[in-house]
Colleague: 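Just passing along the structure, written as structure tokens.
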Amino acid sequence: MTRHNLASLRAIYNQPFFDLIQQGRETYRAHWPENEVQLCTLMSIKTGGCSEDCAYCAQSAHYDTGLKTEALLPLPQILETAERARAHGSTRFCMGVAWKGVRENDARFASVLETIRAVSKLGMEVCVTLGQLTPEAARQLRAAGVTAYNHNLDTSPEFYPNIVTTHTFEDRLNTIRAVQQSGMSVCCGGIIGMGESELDRLKMLEVLCSFDPAPESVPINCLMPMPGTPLAEQPPVDIFQLVRLVATTRIALPKARVRLSAGRTRLTREGQALCFFAGANSIFYGDKLLTASNPGADSDRALLEELGLEVSRPELPTATF
Ligand code: SAM
Ligand code: DTB
Ligand code: SF4
């Protein structure tokens, strides 16, 4: 497989629009069962009060966002939500916490591990996003049954300090290395619409292309401007720029799940259809993301049906079942 660099990514991205989406579609068809979309449900299991100053995030304690903070939720409540997600057709369950990172010997981490052991018995892919990890914490998560760990680069190395000052881009890479060593899959992507340039987006993609192994999934979030955060007034992302990035990601990382993530509430059905055509094959499904809203499950079901798209089966480690 070609390992893309910035020059090759720019050449792909800057093609005439229809050539680009056609190449995205062809790459998708060569690597994936046709017309299948993965449905993932997100649940915030510890909300707000985070020490980090990520400029996009409603959960940062640095900004007055009016969000109600919540301590780590108890296992039965999480399990019930996971069971409901499965009953509604989700094949991946992703739990998020507003932490800078995991402290290995903390009782709260022990509680998260216990929750993962229970949720992983439900037959869905299990993803968590808990912030920074040590290699030992990553090993314990893998042993508890996590299939994928979400830790986004969010933007280019150059633009990152404009968005976060309480940790570095290198910190993000260190956590991703710990995840890779543990054997969990890496779910890693970014946010567009934070004031970065299109080149910054391709620079982020260049870093994703350097991962070994390649990321299993790449969430592409459009900024949801959160009141009270420094990015509250950012204008929406241009749809053609989003579609171009989706297609370029599909072409550069053919085997990755490309997830059309936060911000779908501001996309039209036609815009989303173009993203699927260009190679997106996963969405967050259910009325809520972590703290922000998502299109309703009913309207998503209707959209998939109108486009003739089906729900993909979970990909589970064979040892588990
Ligand atoms: N605290 C952990 C961390 O930062 O890795 C996990 C949770 S954090 C909320 C997960 C990801 O959600 C972020 O990396 C970012 O890509 C995305 N995200 C958060 N707020 C967002 C927003 N307002 N709009 C779009 N994406 C957002
Ligand atoms: C990802 O890339 N997007 C999800 C998931 N990984 C954890 C989170 C989106 C959060 C959107 C804003 C919110 O709900 O607060
Ligand atoms: Fe905290 Fe994660 Fe939000 Fe940053 S993105 S403020 S680390 S919850």
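Numbers here are sequence positions counted from 1. Each ligand, and each atom within it, is numbered from 1 in the order the structure gives. All values below were derived from every heavy atom in this structure, side-chain atoms included, with hydrogens, water molecules and symmetry-related copies excluded.
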Colleague: May I ask you to identify the nearest protein heavy atom to atom 3 (Fe) of ligand 3, giving residue, atom name and distance to one decimal place in Å?
Modeller: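 That would be Cys57 SG, 2.4 Å.
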Colleague: May I ask you to check if any N/O/S atom from Cys54 comes under 2.8 Å of atom 1 (Fe) of ligand 3?
Modeller: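 Not a single backbone or side-chain N, O or S atom of Cys54 is under 2.8 Å from atom 1 (Fe) of ligand 3.
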Colleague: Heavy atoms only: which of Gly189, Gly193, Gly263, Cys222 is nearest to atom 25 (C) of ligand 1?
Modeller: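 Answer by nearest heavy atom: Cys222.
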Colleague: Look at the aromatic rings of Phe240 and Phe17 and report parallel, tilted or perpendicular, splitting at 30° and 60°.
Modeller: perpendicular
Colleague: What part of Arg259 sits under 4.0 Å from ligand 2 if we count only heavy atoms: the side chain, the backbone, both or neither?
Modeller: neither
Colleague: Salt-bridge test for Glu114 and Arg117: reply yes if a basic N is under 4.0 Å from a carboxylate O, no otherwise.
Modeller: no
Colleague: Does the protein come close to atom 16 (O) of ligand 1 - that is, does one of its heavy atoms sit below 4.0 Å from that atom?
Modeller: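 Yes; the ligand atom in question has protein heavy-atom contact below 4.0 Å.
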Colleague: For atom 1 (Fe) of ligand 3, what is the nearest protein heavy atom, given as residue, atom name and distance?
Modeller: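 Its nearest protein heavy-atom neighbour is Cys50 SG, 2.3 Å.
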Colleague: Taking only non-hydrogen atoms of Gly96, do any sit less than 4.0 angstrom from ligand 1?
Modeller: no
Colleague: Check whether any side-chain N or O of Thr91 sits under 3.5 Å from a backbone N or O of Gln38 as a donor-acceptor pair, and report yes or no.
Modeller: no
Colleague: Is the shortest distance from a heavy atom of Phe284 to ligand 2 less than 4.0 Å?
Modeller: yes
Colleague: Find all atoms of ligand 1 within a distance of less than 4.0 Å from any non-hydrogen atom belonging to His151, and give their numbers and elements.
Modeller: 5 (O)
Colleague: Going by atom types only, do Tyr285 and Arg301 share a side-chain donor-acceptor pair under 3.5 Å?
Modeller: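 There is such a pair (donor and acceptor under 3.5 Å, judged by atom type) between the side chains of Tyr285 and Arg301.
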Colleague: Using a 4.0 Å heavy-atom cut-off, which part of Val97 comes near ligand 1: side chain, backbone, both, or neither?
Modeller: backbone
Colleague: Which one holds for Cys50 and ligand 1: side chain close, backbone close, both close, or neither close, with close meaning a heavy atom under 4.0 Å?
Modeller: neither
Colleague: With a cut-off of 4.0 Å, which atoms of ligand 1 are near a heavy atom of Trp99?
Modeller: 1 (N)
Colleague: Within a distance of under 4.0 Å, is there any protein heavy atom near atom 20 (N) of ligand 1?
Modeller: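 True for atom 20 (N) of ligand 1.
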Colleague: Tell me which part of Thr291 gets within contact of ligand 2: side chain, backbone, both or neither, using heavy atoms under 4.0 Å.
Modeller: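 The part of Thr291 near ligand 2 is both the backbone and the side chain.
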Colleague: Given that the side chain starts at C-beta and the backbone is N, CA, C, O, which of these parts of Ala98 lies under 4.0 Å from ligand 3, counting heavy atoms, or is it both or neither?
Modeller: both
Colleague: Out of Gln132, Lys100, Arg172, Glu52, whose heavy atom sits nearest atom 3 (C) of ligand 1?
Modeller: Arg172
Colleague: May I ask you to check whether Arg259 and Ser282 show a side-chain donor-acceptor distance below 3.5 Å?
Modeller: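 Arg259 vs Ser282: donor-acceptor pair found between side chains.
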Colleague: Tell me which one of Val164, Thr47, Leu290 gets a heavy atom nearest to atom 9 (C) of ligand 1.
Modeller: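 Selected option, by shortest heavy-atom distance: Leu290.
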Colleague: State, without any angle test, whether Tyr56 and Asn221 hold a side-chain donor-acceptor pair at a distance under 3.5 Å.
Modeller: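 Checked: Tyr56/Asn221 side chains show no N/O donor-acceptor pair below 3.5 Å.
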Colleague: Distance under 4.0 Å to a non-hydrogen atom of Leu223: what atoms of ligand 1 satisfy this?
Modeller: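 Close to Leu223: 24 (N), 25 (C).
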Colleague: Could Glu216 and Arg92 be called an ion pair, given the rule that one side-chain N must be under 4.0 Å from one carboxylate O?
Modeller: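 The answer is yes: the pair qualifies as a salt bridge.
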Colleague: Tell me whether Met124 shares a hydrophobic cluster with Val112, the cluster being built from Ile, Leu, Val, Met, Phe, Trp, Tyr side chains joined at under 4.5 Å.
Modeller: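 Yes, because Met124 and Val112 connect within a single hydrophobic cluster, where side-chain heavy atoms sit under 4.5 Å apart.
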Colleague: For the residue pair Asp200 / Thr155, report whether a side-chain donor-acceptor contact shorter than 3.5 Å exists.
Modeller: no
Colleague: Which of the atoms of ligand 3 are close to Tyr56, meaning less than 4.0 Å from one of its heavy atoms?
Modeller: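 That gives atoms 5 (S) of ligand 3.
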Colleague: Step by step, would you call Glu136 with Arg139 a salt bridge (charged side-chain N to carboxylate O under 4.0 Å, His left out)?
Modeller: CA-CA 5 Å; Glu136 174 55 21; Arg139 198 194 58 73; 2.9 Å; yes
